[in-house]
Amino acid sequence: MDELMAQRVAKAEELRAAGIDPYPPRLTRTHMAADVTLLVEALPEGESEVEGIEVDIAGRVVAKRDMGKATFLDLLDGSGRIQVLMRQNSLANYDSLRLIDLGDFIGVNGTPIRTRTGQPTVQAAHWTMLTKALHAPPEKYHGLADVELRQRKRYLDLMANEETRQRFIVRSKVVSAIRRFLDARGFLEVETPVLQEEAGGAAARPFTTYYNALEEERHLRISLELYLKRMVVGGFERVYEMGRIFRNEGLGAKYNPEFTMIELYQAYADYHDVSMLVEEMISTVAHEVLGKSRFTFRGQEISLERPWRRITLHDALREYGALELEEFSTADTLRAELERRGLDLPPTAGYGKLVDEAMSHYVEPRLVQPTFLMDYPVELSPLAKRRTDNPGLVERWEVFIGGFEAGNAYTELNDPVDQRARFEEQARLKAAGDDEAELVDEDFLFALEHGMPPTGGFGMGIDRLLMILTEQDSIRDVILFPQLKSVKG
RNA sequence: GGGCCGCUAGCUCAACUGGCAGAGCAGCUGACUCUUAAUCAGCCGGUUGGAGGUUCGAGUCCUCCGCGGCUCACCA
């Protein structure tokens with residue numbers, strides 16, 4: 001134990017010796033810090049004391065200014081900061097203040113006053129220890145700066161950095177605003193399995209675990225899609241789920257292996273209807289929570305004002321890449337053209353993957369303002385419905401904001417025969433070595449064979465949306481406890 | 001996985017070309033009854049991420065390892 005901790009332990013013992021529990025089970029609290037501030041600010045000009053009112057407040061000691069026979073403390077509670085003034089001639093047992101350290105939680109009984117400088121303050125008559133902290137909090141002025149510490153020991157980051165606290169408050173508000181938005185439009189929130197026999201609905205490697213009771217492997221879900229569609233088959237016309245999904249992939253500024261996804265499905269809607277719902281949802285939520293629609297993300301100003309731009313993938317490649325996809329309609333010709341242009345291509349890429357490579361290179365980084373990129377090659381979209389005018393394309397969009405994918409939607413494939421054929425094509429890719437290809441899900445096909453009405457669906461990573469709304473460059477700054485490598489030895 | 005950068009007191013940071021490891025905050029002692037990054041005086045606090053090596057001498061140079069950041073690759 002280090003010296004600083006030993007000192008604090010000794011202070012706790014001293015309290016116990018005096019018959020005071022340094023960790024009492026209960027306390028009296030009548031007011032929050034913000035309540036006291038309001039009381040004092042309501043005082044008429046010239047008056048410095050709120051007559052006849054006694055308050056009990058509680059919070060963490062975040063500053064201590066000892067003037068000798070008077071000491072100022074700053075207490076932080078869930079509503080904010082409030083100053084406490086302890087004076088030798090108005091506080092019982094003034095000497096005991098030396099037992100209070102920064103980081104301790106204390107309760108204070110006293111009177112709301114205004115100091116000479118106008119600061120709302122509680123002038124204390126009594127104080128009680130509520131929780132003795134055994135470590136010093138991070139440095140009071142600079143806060144906690146070390147990136148690794150801030151992520152590994154988030155409680156210290158939250159304790160020390162107001163901005164971090166606010167960011168995670170915003171996160172909660174965004175999540176609840178999304179729920180309100182959808183609930184108000186008749187969507188039902190449902191919960192589907194995290195542990196699945198096979199993880200489907202997206203192209204990603206799953207985490208695998210083992211269920212002892214059944215003596216079977218299970219996979220953590222990589223998307224919400226296939227179970228939510230089963231809900232639509234069952235007759236739920238508007239469903240959504242917001243929950244954690246898990247992808248066994250690398251870490252990075254935009255990637256965390258567990259992240260929060262929302263997916264929604266609306267029967268009798270198509271991908272156009274869903275695009276309107278989504279742009280309304282995001283701009284409404286931004287306004288409700290943050291009161292604005294303009295954000296600075298990675299040095300670029302982004303406006304979430306509606307309407308958002310819509311452009312087909314073909315048009316976007318023409319506009320940003322001067323690439324006329326009609327002229328390169330086979331994998332071989334497209335590959336030759338892209339290689340001629342100097343792109344580095346995966347050797348096994350099929351037509352869809354090649355289009356995707358071209359998009360990543362020419363188009364996506366340019367889509368800073370919210371943009372729906374529409375009509376994808378069928379090869380990339382095994383769960384989306386084909387366009388009737390061009391069966392090589394599907395009714396699908398991805399929405400890009402700030403240069404990265406923020407969401408994905410289809411008119412859902414509800415033809416069980418086509419769905420089976422698509423799964424079988426995926427199975428061929430898998431056999432050929434694509435370990436992220438979709439698996440044939442017989443129960444899902446059985447569900448579709450019972451009939452899923454025409455349906456539009458949408459999925460979005462909540463964390464990435466929050467990166468934009470809170471103007472953070474790294475997904476780790478919007479996840480409370482991001483994955484980090486463990487420290488051993 | 002590759003490249004680059006970083007890791008010094010509980011926290012925030014210094015330390016020229018290899019030459020006694022420092023400051024502020026926090027802590028301890030003292031002064032101060034309206035301060036608010038309080039102030040003032042004094043004191044305590046170090047396996048310089050870890051292990052080796054070069055050297056009379058290593059925070060500094062070399063090798064390996066750990067963790068992190070950025071980036072490339074990978075990842076719709």
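Sequence lines set the chain letters: A, B, ... in the order given, protein chains first and strands last, and positions in each chain run from 1.
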inquiry  = If you define the side chain from C-beta out and look only at heavy atoms, does anything of A/E405 sit under 4.5 Å from A/K254?
reply    =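 Result no, sub-4.5 Å side-chain heavy-atom pair not found.
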
A/W127 side chain reached by A/L91 side chain, heavy atoms, under 4.5 Å =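 Yes - at least one pair of side-chain heavy atoms lies under 4.5 Å apart.
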
Assign [X] to base, sugar-phosphate, or nothing according to its heavy-atom contacts below 4.0 angstrom with the strands shown.
X: A/L380; answer: base
X: A/G143; answer: sugar-phosphate
X: A/L156; answer: nothing

Taking [atom1] from [X] and [atom2] from [N], how many angstroms apart are they, rounded to a whole number?
X: A/F259; N: B/A76; atom1: CZ; atom2: P; result: 11 Å
X: A/K64; N: B/A37; atom1: NZ; atom2: C1'; result: 17 Å
X: A/H135; N: B/A9; atom1: NE2; atom2: C1'; result: 15 Å
X: A/D104; N: B/A26; atom1: CG; atom2: P; result: 15 Å
X: A/L4; N: B/G46; atom1: CG; atom2: P; result: 10 Å
X: A/M5; N: B/A9; atom1: CE; atom2: P; result: 19 Å
X: A/L102; N: B/C11; atom1: CG; atom2: C1'; result: 12 Å
X: A/N161; N: B/C25; atom1: CG; atom2: P; result: 20 Å

With rounding to the closest Å, how many angstrom separate the [atom1] atoms on [N] and [M]?
N: B/U48; M: B/A21; atom1: C1'; answer: 8 Å
N: B/G2; M: B/A9; atom1: C1'; answer: 36 Å
N: B/C32; M: B/G10; atom1: P; answer: 33 Å
N: B/C20; M: B/G66; atom1: C1'; answer: 31 Å
N: B/G24; M: B/C61; atom1: C1'; answer: 31 Å
N: B/G52; M: B/G19; atom1: C1'; answer: 23 Å
N: B/G18; M: B/G57; atom1: P; answer: 16 Å
N: B/U71; M: B/U35; atom1: P; answer: 47 Å

task = Could you tell me whether the side chain of A/Y141 has a donor or acceptor atom within less than 3.5 Å of a complementary atom in the base of B/C25?
result =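 Absent.
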
message = Under a 4.0 Å threshold between the charged nitrogen and the carboxylate oxygen, would A/D157 count as salt-bridged to A/R154?
response =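 Counted as a salt bridge, because a side-chain N and a carboxylate O are separated by less than 4.0 Å.
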
message = Quick check on A/D344: does its CG atom have over 12 non-hydrogen neighbours (other residues, nucleotides or ligands) under 6.0 Å away?
response =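 Count not over threshold, so no.
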
Nearest to the side chain of [X] - [options]?
X: A/K485; options: B/U12, B/C67, B/A76; value: B/C67
X: A/P382; options: B/A76, B/A26, B/U12; value: B/A76
X: A/E139; options: B/A76, B/A26, B/U12; value: B/U12

request  = Determine which pairs satisfy salt bridge (Lys or Arg N to Asp or Glu O under 4.0 Å) with at least one residue from residues 88-110 of chain A, sequence neighbours left out, and list them in order.
outcome  =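 For residues 88-110 of chain A: A/R8-A/D104, A/K11-A/D101, A/E14-A/R98, A/D101-A/K132, A/D104-A/K132.
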
request  = Show your reasoning for whether side chain to side chain donor-acceptor pair (under 3.5 Å) applies to A/Q83 and A/T115.
outcome  = CA-CA 10 Å; A/Q83 179 170 262; A/T115 63; 4.7 Å; no

5'-to-3' dot-bracket of RNA chain B (Watson-Crick, G-U; under 3.5 angstrom; crossing pairs as [ ]; | other strand) = (((((((..((((.....[..)))).(((((.......))))).....(((((..]....))))))))))))....

task = Would you confirm whether A/Q472, through its side chain, and A/R464, through its main-chain N or O, come within 3.5 Å as a donor-acceptor pair?
result =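 Side chain of A/Q472 to backbone of A/R464: no pair is present.
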
task = Answer yes or no: is there a donor N or O on one side and an acceptor on the other, between the side chain of A/E379 and the main chain of A/Y351, under 3.5 Å?
result =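 Pair absent, no side-chain N/O of A/E379 close to backbone of A/Y351.
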
query = Under 3.5 Å, is there a donor-acceptor pair linking the side chains of A/Y141 and A/E139?
reply =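 No donor-acceptor contact under 3.5 Å links the two side chains.
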
inquiry  = Can a side-chain donor-acceptor contact be found between A/R396 and A/N408 if the only test is distance below 3.5 angstrom?
reply    =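 A/R396 and A/N408 do have a side-chain donor-acceptor pair below 3.5 Å.
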
Pairs under 3.5 Å (N/O, protein and nucleotides 69-72 of chain B):
| from | atom 1 | to | atom 2 | distance (Å) |
| --- | --- | --- | --- | --- |
| B/G69 | OP1 | A/Q151 | OE1 | 3.4 |
| B/G69 | OP1 | A/R476 | NE | 2.8 |
| B/G69 | OP1 | A/R476 | NH2 | 3.2 |
| B/C70 | OP2 | A/R476 | NH2 | 2.9 |

inquiry  = Using heavy-atom distances to pick each residue's nearest nucleotide on RNA chain B, tell me which of A/D146 and A/R8 is more 5'.
reply    =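 It is A/D146 whose nearest nucleotide is closer to the 5' end.
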
query = Are A/F458 and A/W397 near enough that their ring centres are under 6.0 Å apart?
reply =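 Yes, close enough.
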
message = Among residues at least two apart in sequence or on other chains, which ones pass side-chain hydrogen bond (donor to acceptor under 3.5 Å, both in side chains) with A/D473?
response =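 So A/D473 forms no side-chain hydrogen bond (donor to acceptor under 3.5 Å, both in side chains) with any residue.
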
request  = Spell out protein contact along nucleotides 28-36 of chain B as letters: B when the base is contacted, S when just the sugar-phosphate is, - when no protein heavy atom is under 4.0 Å; keep the 5' to 3' order.
outcome  = S---BBBBB

ask   = What pairs of residues pass the side chain to side chain donor-acceptor pair (under 3.5 Å) test when at least one of them lies in residues 357-371 of chain A, not counting sequence neighbours?
value =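 Those involving residues 357-371 of chain A are A/R341-A/Y362.
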
